[in-house]
J.: 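Input: one structure, supplied below.
No experiment lies behind these values; they were computed from the predicted model shown. Quick note on labels: first sequence line is chain A, next is B, and so on, each numbered from 1.
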Protein chains: 2
Amino acid sequence: LNEPELIARYFAPLAGPGGLGLRDDAALLAPPPGTELVLTADALVAGRHFFAEDPPADIAAKALGVNLSDLAAKGADPLGFLLTLALPPDWRAEWLGNFAKGLGEASQAAGCQLLGGDTVATPGPLTLSITALGAVPQGKMIRRAGAKPGDALFVTGTIGDAALGLKIRQAEVSGDPLPDWAQKLAPADRAFLVGRYLRPQPRLAAIPGLRAAASAAMDVSDGLVGDLRALLRASSVSGRIELADIPLSQAARAALDADPSLEETIFCGGDDYEILCAAPEAAASMLAGFATRIGCCGAPVAPDLFVGADGREKMFSRDRFSHF
Amino acid sequence: LNEPELIARYFAPLAGPGGLGLRDDAALLAPPPGTELVLTADALVAGRHFFAEDPPADIAAKALGVNLSDLAAKGADPLGFLLTLALPPDWRAEWLGNFAKGLGEASQAAGCQLLGGDTVATPGPLTLSITALGAVPQGKMIRRAGAKPGDALFVTGTIGDAALGLKIRQAEVSGDPLPDWAQKLAPADRAFLVGRYLRPQPRLAAIPGLRAAASAAMDVSDGLVGDLRALLRASSVSGRIELADIPLSQAARAALDADPSLEETIFCGGDDYEILCAAPEAAASMLAGFATRIGCCGAPVAPDLFVGADGREKMFSRDRFSHF
């Protein structure tokens, strides 16, 4: 199979109208009138951002999903994406077929068409790079740097599931015994946490509400505590977070009950792909349907406070998770 | 140096206005009114598309250049690009500084702003992926599939230099002796050929002429013979090429004189990054300033002919060069 045959077989069937059947040298896209383009790119390397052993459909959905998560956080409706794929020598047709199937399904679910890309061989690990494009009404991109003192802070979904799921998945892949806390979980809870690691759910449904209400937003990919600090610093405000208000799934709560030291993994671990945002108190009701209030923004020069249920400040020993 | 520090030091200084200082999660771009976007992506892997030992400024300029070459071939004015960079463990600050400098210079020369990207670590070879965006007036993208019977065929610049330069560079990097033909060349000719391999020159100056005259175009990246066949097949026409009319540099001609068997390397080798196009005879004068007529398009069902100076058909044993 040479490169044109590989593209024709696996990727051309997924291409949207802008992809021109992946038979030309470039894609063509007319952004909706009155909009601006929002662009984001994320690269994923096997063994670092996912396990080479992960189901190929999950790898594909995750590579697209982490980019869609950035678009959603910026209030941008997904338009399309380009994928470059560096395949290691041992790739198999069945693997690539399942990868393409997962990619097509994720693309369709998000209304984000495959526009083009490139396929190359590598002696290294499987490496994917996706550039995704979205559209916002002119001037309406939600920045990191827009939070004001007095704004409330919100987060979508639940926090910490993927970081816990990663610990379980690491044991599964390496054949090591599960951590004690994971052994105490119901199998369905374990499966839920691993699923949250394998397949981020980009919060596309939040886009209209974010656009209407948020003063600042970013997606939570490197841990809530560190990403929160990044948003606060970019906005030149301080923050006070009520840790007890941070939304946890039933599975994460069960894990935390089994091992209270998981608090740091939950609040500082990565791969949540939820959306963190700030909004004026008056606009908070517009976010209530899909996000949870976790704190508020304060004066620029004040320290950030993470406050436990006991009212005492909690210090975290590590800050942001780094994929680098 | 963590990832935000690395981005702030090396890449933020290169970012265009749409890159928002590389301090947000996404870039913002307003395409010029009345235009459509043209998008292309190319990935490059060390040891396959370039040598890890190549000067980092050349690697950067090449990664951007091969994408700009696609935009130029489609008649699109460059707008901006996103870069994902997978760095091997042994990267050094000096290397990255020179890489960024080369990238910035190439970006400025082309008027193509850095919009964003991602930096990740890899245990494998250095891997770069660039997505570039350009703009064409609505409906004016030049397709591969537009050539008509009777159209003339043109190519920019000179053909075969980079494929010859690669052979010299391979010997330089491996420490093997130069091939006989290369030993017979003047040092300046050798340097010219290697330079053509290391630093493709995207033909941005051809864009207005191509837009005005070309019925079909693509860039020549996988060898002239194979790429020509790809354009002819996409357009459902046949072609007749006068090999003696294919423009060669003085250095390539000297190499061919020294070793006539290099003909196949010159006409079928890759990495030219010139533009191949078709145009009606009546429009040919608009291309005369920057391209050379090499043949014409014929009836759909006829065979393609590559005709030598002696009037006899030349057969090539290999077709397209594959980077895959």
Side-chain angles (χ1 to χ4, degrees), chain A residues 2-4 6 18 20 23-31 36-45 47-49 70-71 73-74 76 80 82-86 88 115-125 127 129 131 133-134 136 138 141 143-145 218-219 230 234 320 322-324, chain B residues 2-4 6 18 20 23-31 36-45 47-49 70-71 73-74 76 80 82-86 88 115-125 127 129 131 133-134 136 138 141 143-145 218-219 230 234 320 322-324:
Chain A
N2 62 26
E3 191 190 352
L6 185 151
L20 308 174
R23 280 189 300 265
D24 212 306
D25 307 281
L28 190 59
L29 186 71
E36 289 175 315
L37 281 173
V38 175
L39 303 108
T40 183
D42 273 302
L44 288 82
V45 178
R48 188 162 283 269
H49 301 86
D70 278 318
L71 292 183
K74 302 291 105 182
L82 296 94
L83 163 72
T84 67
L85 184 61
L115 290 169
D118 194 15
T119 311
V120 297
T122 180
T127 303
S129 174
T131 298
L133 296 90
V136 286
Q138 222 135 33
M141 188 181 103
R143 310 291 180 104
R144 252 193 214 190
M218 67 185 290
D219 81 329
R320 267 178 114 181
S322 175
H323 287 97
F324 178 64
Chain B
N2 61 25
E3 191 190 352
L6 184 151
L20 308 174
R23 280 190 299 267
D24 211 305
D25 307 281
L28 190 59
L29 186 72
E36 290 175 314
L37 282 173
V38 175
L39 304 108
T40 183
D42 273 301
L44 287 81
V45 179
R48 187 163 284 268
H49 302 86
D70 277 317
L71 292 183
K74 304 289 104 180
L82 295 94
L83 163 71
T84 66
L85 183 62
L115 291 169
D118 194 15
T119 310
V120 297
T122 179
T127 302
S129 174
T131 298
L133 296 91
V136 286
Q138 223 136 32
M141 187 181 103
R143 311 291 179 104
R144 254 195 213 187
M218 67 185 289
D219 81 330
R320 269 179 112 181
S322 175
H323 287 96
F324 177 64

J.: Between D70(A) and chain B, which part of the residue has a heavy atom less than 4.5 Å away: side chain, backbone, both or neither?
T.: side chain
J.: Kindly indicate whether the side chain of T127(B), heavy atoms from C-beta on, has any atom under 4.5 Å from the side chain of V120(A).
T.: no
J.: Any heavy-atom pair between the side chains of D118(B) and L82(B) that's under 4.5 Å?
T.: no
J.: Taking C-beta and beyond as the side chain, do D25(A) and K74(B) meet within less than 4.5 Å on heavy atoms?
T.: yes
J.: Under a 4.5 Å heavy-atom cut-off, does chain B meet the side chain of L29(A), its backbone, both or neither?
T.: both
J.: Could you look at L71(B) and say if it's the side chain, the backbone, both or neither that has a heavy atom under 4.5 Å from chain A?
T.: neither
J.: Relative to chain B, which segment of L44(A) carries a heavy atom at a distance below 4.5 Å: side chain, backbone, both, or neither?
T.: neither
J.: With sequence neighbours left out, what residues match T84(B) under side-chain hydrogen bond (donor to acceptor under 3.5 Å, both in side chains)?
T.: S129(A)
J.: Mind ranking A30(B), G134(B), P125(B), G116(B) by heavy-atom pairs under 4.5 Å with chain A and telling me who comes out on top?
T.: P125(B)
J.: For R143(A), what residues pass the side chain to side chain contact (heavy atoms under 4.5 Å, CB included) criterion, not counting sequence neighbours?
T.: M141(A), L20(B), D24(B), L28(B)
J.: Taking A27(B), A145(B), A26(B), G124(B) one by one, which has the highest count of heavy-atom pairs under 4.5 Å against chain A?
T.: A27(B)
J.: Does some side-chain heavy atom of L39(A) sit less than 4.5 Å from a side-chain heavy atom of T131(B)?
T.: no
J.: Pick one of side chain, backbone, both or neither for V45(A), based on which atoms fall under 4.5 Å of a heavy atom in chain B.
T.: side chain
J.: What part of A43(A) gets within 4.5 angstrom of chain B, counting heavy atoms only: side chain, backbone, both, or neither?
T.: both
